[in-house]
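These numbers were taken from a predicted model, which means no experiment stands behind them. All values below come from the heavy atoms of this structure, side chains included, with hydrogens, waters and symmetry mates left out.
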Amino acid sequence: MQIAPGRRVALNGVEWTVDDVHGQLGRLVLVDDDGRAETRSFRWLINHADLRLLPAVESRRPPPVARQPRTPADLTKDQLERARLRAAHVLEAETGFREGHPARALPGEPRPAYDPDRTTLTHRRYAKAAEIEAMPRPEAVRCGLQHLSYRTLVRLSGLAGDSLLLACADGRWTRRRSGHRTITKEVREAIFAVKAECVPRARLSQGAKHRLMHQYMRERFPTFPAEKIPSRWTLAAVWKEWFGPGGARPRYGRTAEAAAEAGVSGRIVVHRPGQVLVLDSTPMPVKLRETVFGDAITATLTLALDLYTHGLPAFRLTLQSDTSVDIAMLLRDVMLPLPMRDGWGEDMEWPYAGVPAEVIAEFTGHQVAALPFFAPETVTTDHGGPYKNHDLVEAETEIGCRILPARVLRQTDKFAVERQFLTIQTMLFEHLLGFTGGDVADRGADPERDASITLAQAEHIIATWIVQIWQNRKLGEYAPSWAPGEDHSPNTLFAAAMEQGGFDLDFPEPSFYYKVLRKHHVKIHPRRGVKILGL
């Protein structure tokens, strides 16, 4: 008798398909039309009293799809422990030892009823079956041993390792997906047509999608029976299985699908400081005063964040909104060392990071603060007006860095700097007078009256916080993958990178300041002189 994968057999009126054959073990896997799988031996199948070989004709249903084999990793911790307990009972009946070998005998093994020197294999199996039968019913059910009979022990003989462990596991724990019988090729075409229809439209309910599917089936397949169209609950299950839960907003989902079709990757792997510099601006949530006796104002905070070290090499505070010139000067600040300020101690001075502090001070002419500086290679910004200004693009070209704008409506492309704004708010801004909160509903009674910090004082406070606290703060989830057990801060990450790749002391020339300024082409009038922007 030839039994090969794909052969159909009938046992007790139930049709089975031979899904897999293990020739060395003399076993095969039978799968019925409901997806239920059973492992049997050739001897059991051939000697079955009601075995009928079905003709090899094309079945009305597609054959079972080959799936990834089960592994112990598919089991939970509790399921794995229960399967190991069953396997230990089987091994004790087979070898006399729960670990399966005399070299790994546990204390008190072998027990008299399972001593391999005094009992036979059949006696041990009958003894194990009697032991399980005498076990209290709740305990046997909890361990899954209520069906461990003599015939079960015979059927599990010859298995070892993971094969025995998976055979002792309940098949319902890792049951194979039987698929959805009602999803024919016509229904599948209708589902994908509804999916394409829903992409440019607003969010639709599952009921509306189900009605669209019915409409498509009536127009495209008029002879298809309406009663065989899946219900809305089946459509919801299939939709989630094929396209995911769909929790994103429609406009974000459309942007992500367009980027995927264009081959745009959603993640950049950064290997060194300065490889990617992320820029962003936000209104500062603290009311300031331009002068001591001035009115309360709202300043704009612009941050430059190095994606490798998560350090803050530069920042800018501007009145109301920033301009392209402010951002160009921010890029220039990234390339220059920060001078020491009044009130800063030796702990805030430049540490040894590949280059001694004396060498840096000799080049710059002043003492340098402990804030890394470098020439950025790639700049990532959003699509705000100042960032798209042609003057800033010319300044970035003059610096020699590439421009990598974030995708439209995809804040995840600048996740690090977006999160940094909240970090500064919780660690610094909310402790200052004049804090307005993160929302209008969280605003105080009169933050303008509480404002007492000038713009210059706020700039000094932020600079002190960055150099003294943030650059030396231990990173949590942003720790490097190559040192999971070590404690790293932005400064120590920069020092480690300098030890690996060296340090390039390439300070911009003094004339570079004028290169990043906005250029105006004007006519010099002999009597009125020059007029620029109405001045």
Ignoring hydrogens, what is the shortest heavy-atom contact between [X] and [Y]? Give both atom names and the distance.
X      : Y      : value
Ala369 : Trp344 : CB-CZ3, 3.6 Å
Met340 : Met348 : SD-O, 3.5 Å
Ala193 : Tyr216 : CB-CE1, 3.6 Å
Pro372 : Pro313 : O-CB, 3.7 Å
Pro447 : Arg443 : CG-NH1, 3.6 Å
Tyr387 : Ser281 : OH-OG, 2.6 Å

Side-chain touch [X]/[Y], heavy atoms, less than 4.5 angstrom:
X      : Y      : result
Ile424 : Ile462 : no
Trp470 : Leu428 : no
Leu317 : Leu301 : yes
Leu212 : Gln215 : yes
Met217 : Val187 : yes
Phe429 : Phe421 : no
Trp242 : Arg188 : yes
Leu517 : Met329 : yes

Just list the side-chain donor-acceptor pairs under 3.5 Å for residues 288-298, sequence neighbours left out, or say none.
unit_1: Arg289; atom_1: NE; unit_2: Ala451; atom_2: O; d: 2.7
unit_1: Arg289; atom_1: NH1; unit_2: Gly294; atom_2: O; d: 2.7
unit_1: Arg289; atom_1: NH2; unit_2: Glu448; atom_2: O; d: 3.1
unit_1: Arg289; atom_1: NH2; unit_2: Ala451; atom_2: O; d: 3.2
unit_1: Thr291; atom_1: OG1; unit_2: Gly294; atom_2: N; d: 3.2
unit_1: Thr298; atom_1: OG1; unit_2: Lys287; atom_2: NZ; d: 2.7

Check the pair Glu186, Glu189 against side chain to side chain contact (heavy atoms under 4.5 Å, CB included), reporting the backbone distance first and the verdict last. CA-CA 5 Å; Glu186 295 87 359; Glu189 179 182 338; 5.8 Å; no
Can you tell me if [X] has over 12 outside heavy atoms packed within less than 6.0 Å of its [atom1]?
X      : atom1 : result
Ile532 : CD1   : yes
Phe192 : CZ    : yes
Lys519 : NZ    : yes
Arg528 : CZ    : no

Within this structure, what is the [atom1]-[atom2] distance for the pair [X] and [Y], rounded to the nearest 0.5 Å?
X      : Y      : atom1 : atom2 : value
Leu331 : Leu392 : CG    : CG    : 6.5 Å
Leu277 : Leu305 : CG    : CG    : 7.5 Å
Glu358 : Glu362 : CD    : CD    : 10.0 Å
Ser452 : Gln457 : OG    : CD    : 7.5 Å
Ser489 : Phe494 : OG    : CZ    : 12.0 Å
Asp306 : Leu312 : CG    : CG    : 9.5 Å

Intermediate values then yes/no, side chain to side chain contact (heavy atoms under 4.5 Å, CB included), Val276 and Tyr308: CA-CA 7 Å; Val276 177; Tyr308 179 80; over 6 Å; no
Return all side-chain donor-acceptor pairs below 3.5 angstrom for residues 229-238, not counting sequence neighbours, or 'none' if the list is empty.
unit_1: Ser231; atom_1: OG; unit_2: Thr234; atom_2: N; d: 3.4
unit_1: Ser231; atom_1: OG; unit_2: Thr234; atom_2: OG1; d: 3.3

Answer yes or no: is there a donor N or O on one side and an acceptor on the other, between the side chain of Thr492 and the main chain of His488, under 3.5 Å?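 Checking the backbone N and O of His488 against the side chain of Thr492, no donor-acceptor pair under 3.5 Å is found.
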Parallel under 30°, tilted from 30 to 60°, perpendicular over 60°: which one fits the rings of Trp350 and Phe373?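 Tilted: the ring planes of Trp350 and Phe373 meet at 30° to 60°.
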Start with the C-alpha distance between Met284 and Thr436, add both sets of side-chain angles, then the distance that settles side chain to side chain contact (heavy atoms under 4.5 Å, CB included), and finish with yes or no. CA-CA 9 Å; Met284 183 175 174; Thr436 59; over 6 Å; no
Short side-chain donor-acceptor distance under 3.5 Å, Asp326 and Thr318: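 There is no such pair (donor and acceptor under 3.5 Å, judged by atom type) between the side chains of Thr318 and Asp326.
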Applying side chain to side chain contact (heavy atoms under 4.5 Å, CB included) to Lys195 and Ile191, what does each step give before you reach the verdict? CA-CA 6 Å; Lys195 170 65 175 176; Ile191 292 177; 5.6 Å; no
Without placing hydrogens or testing angles, list every side-chain donor-acceptor pair under 3.5 Å for residues 398-405, not counting sequence neighbours.
unit_1: Arg402; atom_1: NH2; unit_2: Thr378; atom_2: OG1; d: 3.2

